[in-house]
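This report concerns only the one structure given below.
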Amino acid sequence: MALKIYNSYTRQKEEFVSITPGLAGMYVCGPTVSGESHLGHARPYITFDLLYRYLTHLGYKVRYVRNITDAGHFEEEGREAEDKVSKKALLEKLEPMELVQKYTNLYHWAMKQFNCVDPTIEPTATGHIVEQIGMIEKIIEAGYAYEVNGSVYFDVKKYAAGHDYGKLSGRVIDDLLETTRELEGQEEKRDRADFALWKSAAPEHIMRWKSPWGEGFPGWHIECSAMATKYLGPQFDIHGGGMDLLFPHHESEIAQSTICNHESPVRYWMHNNMITINGKKMGKSYNNVIKLTEMFSGDHPLLTQAFSPMTVRFFILQSHYRSPLDFSSSSLEASEKALKRLWEAHGILQKMNITEGIEAADAELESKTIKLINEFDEFMDDDLSTAKVLANMFELAPVINSMKDGLIAMNALSSNTMVMMQRYFRVYLEDIFGLKDEQNNNDGKLNEVMNLLIDMRKQAKARKDFATSDKIRNQLAAIGINLKDEKGGEMSWAME
RNA sequence: GGUCCUGUGGCCGAGUGGCUAGGCUCAGCUCUGCAAAAGCUGCUACAGCGGUUCGAAUCCGCUCGGGACCUCCA
């Protein structure tokens with residue numbers, strides 16, 4: 001089996017073949033650090049973290065570039081240029097870079113909470129002004145851009161004449177040229193479909209750089225092209241981002257890079273679908289965002305409780321990344337319970353001592369188990385079908401739990417299968433899905449205290465002193481620790 | 001208005017034409033001093049109407065509903 005991924009460019013699943021065997025280059029559109037990340041942002045970061053982890057698991061050495069957009073852009077092309085970052089900075093009375101730093105830190109914190117692996121390179125737009133200017137100059141030299149009043153625009157019409165502008169996003173160039181939408185201040189551009197490579201900065205702009213065309217700031221799309229080219233080369237394997245970036249952002253990236261580097265920049269375009277609330281995309285424009293800090297604290301009118309980062313991560317993994325995913329507090333609650341059950345089964349499985357050389361006593365269960373486990377790889381190779389892998393795990397969880405409770409004999413499955421199941425659960429849940437234990441019970445002293453309490457409760461139960469045994473259990477429950485009686489008189493515990 | 005996507009059981013969600021994903025909820029049962037946890041059982045759905053086919057949730061057409069992009073957006 002080989003990994004197949006859905007390529008937005010060709011609109012079909014394709015076998016992934018990297019340009020250089022053994023190496024993979026991927027670029028993911030990172031955040032604009034002019035505000036706090038919300039739940040919607042979590043999806044691409046977790047989706048492409050999953051991809052990065054899986055490619056690594058498959059043996060690729062991956063260069064994972066995820067940018068930070070810290071240079072502000074005009075709010076809306078054609079209207080009065082207004083730098084997002086500097087606008088907010090005025091409101092908050094902060095230096096632009098102070099604001100950028102604040103939200104960058106917050107973003108990094110959120111990524112850590114989600115257990116996302118750091119990208120191998122995390123370039124900033126402001127750190128690559130020189131490269132962006134260089135690229136713009138090349139485009140002008142090639143005759144595909146023109147300068148007006150200190151701003152530079154990409155000539156879409158000319159590009160479209162010889163290239164397939166619009167292929168990625170399914171746009172028809174004539175429609176773009178004939179937009180019914182009425183936009184003001186288009187007079188600088190030769191054509192309304194043209195987009196800015198460089199914008200002249202109005203005097204009040206705080207963020208500004210010198211360029212051959214005067215002081216200004218880079219256009220929205222050029223940073224990704226410049227940084228991707230610099231770190232991944234003129235053509236690289238995978239470019240990821242949210243579906244809402246298909247047009248115009250990624251379409252424009254292709255155009256710019258193609259003119260500069262004389263080849264299409266990306267082999268596989270991957271796009272995650274949106275997270276919605278009541279069917280509507282979560283986004284700034286809709287005023288329906290739930291910030292990640294609010295998710296984790298529960299401090300939001302739409303939330304009935306706080307949801308941990310791993311619950312959110314699991315929630316996202318339970319659906320396919322190209323399907324829309326509708327948020328509601330109750331579906332998060334369902335994910336929380338499901339994850340808890342699965343994670344406990346995982347813990348039980350890992351603690352099992354496997355006796356070597358056991359032959360399977362239950363041939364039917366043995367073959368079913370092997371099939372379910374083998375499908376993990378198959379499903380992941382099929383465009384990262386995490387939901388199906390999890391479904392198989394949930395089919396195996398009762399088997400694991402039943403073995404622990406003695407409802408299924410320990411020798412029902414062969415040693416080889418047990419070892420394989422242990423390995424696959426660990427590799428998939430922890431290494432590939434990036435889930436981790438959120439209970440802070442690593443404290444050895446807490447464990448010893450709990451062992452003491454369990455011992456006391458066992459003794460109380462043995463002499464039928466239920467008042468004492470219930471007191472221990474109930475008071476622990478009150479502080480969020482659940483004691484569970486097990487078959488055979490043993491007890492285990494778990495934090496809420 | 002243009003382009004594209006989508007409509008699955010109480011809820012969330014997988015679904016490559018035939019073998020009825022999975023999770024959560026709910027009901028019953030088992031285990032248990034009680035509870036929790038765990039296990040077992042039950043709940044057979046694919047917006048509507050046509051068509052193709054031996055056979056369609058899956059393909060085609062129409063109708064209705066929802067959404068995305070076309071403007072900053074993950």
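Lettering of chains follows the sequences in order, A, B, ..., and the numbering in each one begins at 1.
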Now, which nucleotide makes the Watson-Crick or G-U wobble pair with [N], with each of the two distances under 3.5 Å?
{"N": "B:rC59", "value": "B:rG51"}
{"N": "B:rU30", "value": "B:rA38"}
{"N": "B:rG22", "value": "B:rC12"}

Pair A:Lys157 + A:Asp191, salt bridge at N-O below 4.0 Å: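 Yes, A:Lys157 and A:Asp191 are salt-bridged.
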A:Glu490 and A:Lys458 ion-paired at < 4.0 Å: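 Here A:Glu490 pairs with A:Lys458 in a salt bridge, since their nearest N and O are under 4.0 Å apart.
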Separation between the [atom1] atoms of [N] and [M], rounded to whole Å:
{"N": "B:rC43", "M": "B:rU3", "atom1": "C1'", "result": "42 Å"}
{"N": "B:rG13", "M": "B:rA45", "atom1": "C1'", "result": "13 Å"}
{"N": "B:rG28", "M": "B:rU6", "atom1": "P", "result": "41 Å"}

Distance test, side-chain N/O of A:Tyr321 to OP1/OP2 of B:rG13, below 4.0 Å: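 It does not, given that no N or O in the side chain of A:Tyr321 lies less than 4.0 Å from OP1 or OP2 of B:rG13.
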A:Lys284 side-chain N/O to B:rA74 phosphate OP1/OP2 under 4.0 Å: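 For B:rA74, OP1/OP2 do have a side-chain N/O of A:Lys284 under 4.0 Å.
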Between the base of [N] and the side chain of [X], is there any donor-acceptor pair under 3.5 Å?
{"X": "A:Arg473", "N": "B:rC34", "answer": "yes"}
{"X": "A:Ser285", "N": "B:rC72", "answer": "yes"}
{"X": "A:Arg341", "N": "B:rA37", "answer": "no"}
{"X": "A:Asp470", "N": "B:rG33", "answer": "yes"}
{"X": "A:Asp244", "N": "B:rC72", "answer": "no"}

Of all pairs that satisfy side chain to side chain donor-acceptor pair (under 3.5 Å), the ones with a partner from residues 391-404 of chain A, not counting sequence neighbours: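 Listed by first then second residue: A:Glu375-A:Asn392, A:Lys404-A:Glu486.
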Parallel, tilted or perpendicular, as decided by the 30° and 60° cut-offs, for the rings of A:His271 and A:Trp269: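 It falls in the parallel class, under 30°.
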Aromatic ring of A:Phe394 stacked on base six-ring of B:rG23, 5.5 Å, 30°: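 It does not: the two rings, one from A:Phe394 and one from B:rG23, miss the stacking criterion.
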A:Arg66 NZ/CZ over A:Tyr45 ring centroid, <6.0 Å and within 45° of normal: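 The answer is yes, since A:Arg66 meets both limits relative to A:Tyr45.
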